[in-house]
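Following: one structure in structure tokens, then a few remarks.
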There are 2 protein chains.
Amino acid sequence: MPSRVRASDELRQAALEQFATVGFAASSLQQIADHAGYSKSSVLYHYASKEALLEAAIGPAIDLLETLLGDFVAGGRTGAARATFIESFVDFLLGNRLAVHTFVNQGQSLRGLPVIERANTAIRGLADSICDDDAPLAEQMRFGVALAGATYTLVAGATFLDDEQKVADGDVREALISVLSELLLTADSRPTR
Amino acid sequence: MPSRVRASDELRQAALEQFATVGFAASSLQQIADHAGYSKSSVLYHYASKEALLEAAIGPAIDLLETLLGDFVAGGRTGAARATFIESFVDFLLGNRLAVHTFVNQGQSLRGLPVIERANTAIRGLADSICDDDAPLAEQMRFGVALAGATYTLVAGATFLDDEQKVADGDVREALISVLSELLLTADSRPTR
DNA sequence: GTCTATACTGTGATAGAC
DNA sequence: GTCTATCACAGTATAGAC
């Protein structure tokens with residue numbers, strides 16, 4: 001193994017995989033250390049606590065999410081802006097599956113942690129931006145279903161499809177963008193029912 | 001307090017609320033006992049183990065889900081069947097928020113438990129039924145996004161909207177059915193892109 | 001920088017008094 | 001049926017050798 005790979009990076013990656021698969025609360029420092037090939041104490045040398053390890057593991061992805069959602073909220077409400085947002089969002093999901101998986105599945109029980117709160121604030125900002133104007137409830141739901149559906153379809157996909165039909169990421173990307181575009185791009189002109 | 005309410009029911013309800021809010025792993029028998037006004041040992045008298053408590057808490061909802069999905073898979077692929085399925089599914093979500101919340105947020109880390117596996121089997125059966133025929137990937141995604149989106153929108157709604165704008169359940173029901181119908185009812189005639 | 005050894009806390013679960 | 005007392009164990013975290 002090349003000495004280029006640093007222990008802290010290996011530990012961070014092992015932790016991310018553990019958090020995503022068995023959950024944060026159920027992950028022990030011992031398991032993480034074992035998976036990375038280090039001792040439990042080495043983990044606590046590189047990261048002051050289990051929470052610090054979570055911060056390091058999913059923090060970067062949360063950073064991306066913040067800028068992604070922030071840009072969309074700040075930007076115009078034009079159809080073109082929506083289109084690029086959809087693409088960015090899908091790419092974000094595909095490029096940060098483990099972190100998204102962790103946040104989606106464990107976020108509720110991790111309220112109060114700085115990383116989690118940052119993500120929640122960003123998401124709430126998006127929700128407010130969608131709901132503030134007098135948009136009909138169905139429109140708000142369409143947005144929620146689209147983003148939550150895309151997110152959780154990938155998360156559930158990781159859960160169910162892992163062993164079997166391994167679809168190519170490129171096809172998934174295209175199909176997801178297609179469905180989200182259907183839902184969101186022509187939303188203004190849709191009937192309420 | 002009327003002696004009509006049984007201790008086991010109170011404990012089951014308290015456990016469900018704990019599991020849904022702080023998660024299964026993070027919930028302690030002590031907390032559950034405190035919330036219900038009993039001692040930790042009383043919990044273990046009524047339920048042999050923490051897992052048995054989970055079974056009792058979300059089992060009934062999983063039963064409903066099994067029949068719901070089973071009926072749809074067994075039934076025809078007609079538009080009318082889809083319409084009634086959408087309505088039943090939304091009603092199921094609205095009527096079992098805490099159980100759904102628990103399964104969605106904790107299910108991944110609880111693999112192997114009988115209740116969880118029953119639900120996973122039912123969901124996989126639905127997924128197979130949708131994917132078995134040569135449906136295009138976008139159509140499969142549309143189904144996934146619709147059901148996962150509806151599910152997680154309500155779950156996230158419980159997370160974010162609890163304190164503020166308390167939308168009436170009736171309106172949510174109508175809006176959700178509307179969005180799901182848009183996505184699923186005319187799916188056969190949609191273009192791939 | 002990585003390890004061993006250990007302290008301390010809280011957990012799920014059991015036994016037995018009432 | 002509910003309680004107190006106790007168990008064995010796993011968890012995070014600390015101290016210090018090398």
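Since the structure is predicted, the reported quantities are computational estimates derived from the model, not experimental observations. The sequence lines fix the lettering, A, B, ..., with proteins before strands; numbering per chain opens at 1.
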Check the distance between [N]'s [atom2] and [X]'s [atom1] and give it to me in whole angstrom.
X	N	atom1	atom2	result
Tyr45(B)	dA15(C)	OH	P	16 Å
Lys50(B)	dA13(C)	NZ	P	8 Å
Ile32(A)	dG11(D)	CD1	P	11 Å
Tyr38(B)	dG1(D)	OH	P	11 Å
Lys40(A)	dT2(C)	NZ	P	17 Å
Gln30(A)	dA13(D)	CD	P	14 Å
Leu29(A)	dT6(C)	CG	P	20 Å
Leu53(B)	dT11(C)	CG	P	15 Å

Is a side-chain donor-acceptor pair under 3.5 Å present for Glu55(B) with Tyr47(B)? no
Closest nucleotide among [options] to the [X] side chain:
X	options	result
His46(B)	dT2(C), dT4(D), dT2(D)	dT2(D)
Ser42(A)	dA13(D), dC3(C), dG12(C)	dC3(C)
Leu44(B)	dT14(C), dT4(C), dG12(C)	dT14(C)

Does atom NE2 of His46(B) have more than 12 heavy-atom neighbours from other groups under 6.0 Å away?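 Check passes, neighbour count above 12.
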On a heavy-atom basis, which atom in Ala148(B) and which in Thr153(A) lie closest, and how many Å separate them? CB-OG1, 4.0 Å
Tell me what Ser8(A) touches on the nucleic acid: a base, only sugar-phosphate, or nothing, going by heavy atoms under 4.0 Å.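 No contact at all - Ser8(A) keeps every heavy atom at 4.0 Å or more from the nucleic acid.
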Are the side chain of Thr102(B) and the backbone N or O of Leu98(B) linked by a donor-acceptor pair below 3.5 Å? yes
What class does the angle between the rings of Phe72(B) and Phe85(B) fall in, given that below 30° is parallel, 30 to 60° is tilted and above 60° is perpendicular? parallel
For dT4(C), does the base pair up with any side-chain atom of Ser41(A) as donor and acceptor (N or O, under 3.5 Å, distance only)? yes
Could one point to a donor on the side chain of Ser28(A) or the base of dT12(D) with an acceptor on the other under 3.5 Å away? no
